[in-house]
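Have a look at the structure below, then the notes.
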Amino acid sequence: MKLIKQDTCYNNPWTELDRFFEQAFPTEGLDYTRAIPVYSYNTEDEKILELELPGVRKNDLNLAFEKGIIEVNATRKLNRNGDKKELKLEQSIRVGTDIDFKKTAATLEDGILTIRLPRREQDKPFSISVN
């Protein structure tokens, strides 16, 4: 059995079922929307989000932040058997308000969008020495 790492607190639990039905009953010529798989990691200095976006170009990607939530919207153009259709990918990720958004960076390489969210200096953990 192959294990697949998923962070279920961010993923839509119905995504795999949606993919199954799309393969079993293709919707030819229709545009549709799908959630994006998200993996989340925390370090002492930053939060790291990795989103799977195969076949998406940088021009077709939009990131927005509002009230502690990052909105990721992407579009992938499909051409199957001469039929052109558009796959819309969307995901909302709650990241909190302890992020220094002026230092946030995002890169898209090999179909993986990596968003680095550095924590604000005053929100980083620190130790207190006892004398």
Side-chain angles (χ1 to χ4, degrees):
M1 179 194 315
K2 182 178 177 185
L3 296 177
I4 300 172
K5 181 181 177 185
Q6 291 188 346
D7 188 357
T8 56
C9 99
Y10 291 122
N11 287 337
N12 180 348
W14 301 105
T15 301
E16 291 302 319
L17 188 60
D18 288 343
R19 288 180 184 168
F20 169 76
F21 280 108
E22 287 169 13
Q23 290 174 355
F25 309 103
T27 54
E28 295 300 325
L30 296 178
D31 295 340
Y32 53 97
T33 303
R34 181 186 295 166
I36 304 168
V38 178
Y39 304 95
S40 173
Y41 307 93
N42 288 317
T43 66
E44 194 172 301
D45 297 328
E46 65 185 354
K47 294 178 184 179
I48 301 170
L49 303 174
E50 292 182 350
L51 293 85
E52 294 180 9
L53 295 168
V56 174
R57 296 179 305 213
K58 291 180 185 180
N59 298 342
D60 298 328
L61 182 62
N62 185 31
L63 300 173
F65 173 77
E66 186 177 348
K67 298 181 182 177
I69 298 174
I70 290 182
E71 295 278 339
V72 180
N73 295 303
T75 305
R76 186 171 76 190
K77 295 176 179 42
L78 303 172
N79 188 2
R80 292 186 182 164
N81 302 329
D83 291 332
K84 293 182 180 181
K85 64 180 181 176
E86 199 170 83
L87 173 65
K88 295 177 184 171
L89 303 162
E90 298 177 350
Q91 188 70 332
S92 298
I93 307 160
R94 180 171 298 282
V95 294
T97 56
D98 63 340
I99 304 299
D100 187 357
F101 284 97
K102 293 180 182 176
K103 295 180 181 178
T104 299
T107 57
L108 180 64
E109 289 184 29
D110 298 328
I112 303 293
L113 174 66
T114 304
I115 305 172
R116 295 187 172 277
L117 305 161
R119 293 193 176 142
R120 292 184 301 197
E121 215 41 59
Q122 65 265 28
D123 292 327
K124 290 182 182 177
F126 62 92
S127 6
I128 300 171
S129 61
V130 178
N131 296 326

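By convention here, the first residue in the shown sequence is residue 1.
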Evaluate the side-chain proximity of [Y] to [X]: yes if any heavy-atom separation is below 4.5 Å, no if none is.
X: Leu117; Y: Glu46; result: no
X: Glu90; Y: Ile36; result: no
X: Ile115; Y: Val95; result: no
X: Thr43; Y: Arg116; result: no

Quick one: pull up [atom1] in [X] and [atom2] in [Y] and give me the separation to the nearest 0.5 Å.
X: Leu87; Y: Thr75; atom1: CG; atom2: OG1; result: 8.5 Å
X: Asn42; Y: Lys47; atom1: CG; atom2: NZ; result: 6.0 Å
X: Arg76; Y: Lys88; atom1: CZ; atom2: NZ; result: 14.5 Å

Q: Sort out for me which residue in Leu49, Val38, Leu51 forms a side chain to side chain contact (heavy atoms under 4.5 Å, CB included) with Leu113.
A: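 When Leu49, Val38, Leu51 are each tested with Leu113, the side chain to side chain contact (heavy atoms under 4.5 Å, CB included) holds only for Leu51.
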Q) Should Ile69 and Ile93 be counted in the same cluster of Ile, Leu, Val, Met, Phe, Trp and Tyr side chains packed under 4.5 Å apart? A)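 As far as the 4.5 Å side-chain criterion goes, Ile93 and Ile69 are not connected within one cluster.
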Q. Okay, side chain of Arg120, backbone of Thr97: is any donor-acceptor separation there less than 3.5 Å?
A.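 A pair under 3.5 Å: yes.
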Q) Which residue pairs pass the ring pair (Phe, Tyr, Trp, His ring centres under 6.0 Å) test when at least one of the two sits in residues 60-109, sequence neighbours left out? A)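 For residues 60-109, and leaving out neighbouring residues, the ring pair (Phe, Tyr, Trp, His ring centres under 6.0 Å) pairs sorted by first residue read Phe65-Phe101.
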(Q) Using every non-hydrogen atom in the two residues, find where Arg119 and Glu44 come nearest and quote the distance to one decimal. (A)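 Scanning both residues, the minimum pair turns out to be NH1-O, 3.6 Å.
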Q: Enumerate the residue pairs fulfilling side-chain hydrogen bond (donor to acceptor under 3.5 Å, both in side chains) with a member in residues 103-112, sequence neighbours excluded, ordered by first and then second residue.
A: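 Non-adjacent pairs meeting side-chain hydrogen bond (donor to acceptor under 3.5 Å, both in side chains): zero.
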List the atom pairs, donor and acceptor, that lie under 3.5 Å between side-chain atoms in residues 54-63 and the rest of the protein, sequence neighbours left out.
residue : atom : partner : partner atom : Å
Arg57   : NE   : Asp60   : OD2          : 3.4
Arg57   : NH2  : Asp60   : OD2          : 3.1

Q: For Ile112 and Glu52, run side-chain contact (heavy atoms from CB on, under 4.5 Å): C-alpha distance rounded to whole Å, both residues' side-chain angles, the deciding distance at 0.1 Å, then the answer.
A: CA-CA 5 Å; Ile112 303 293; Glu52 294 180 9; 4.1 Å; yes
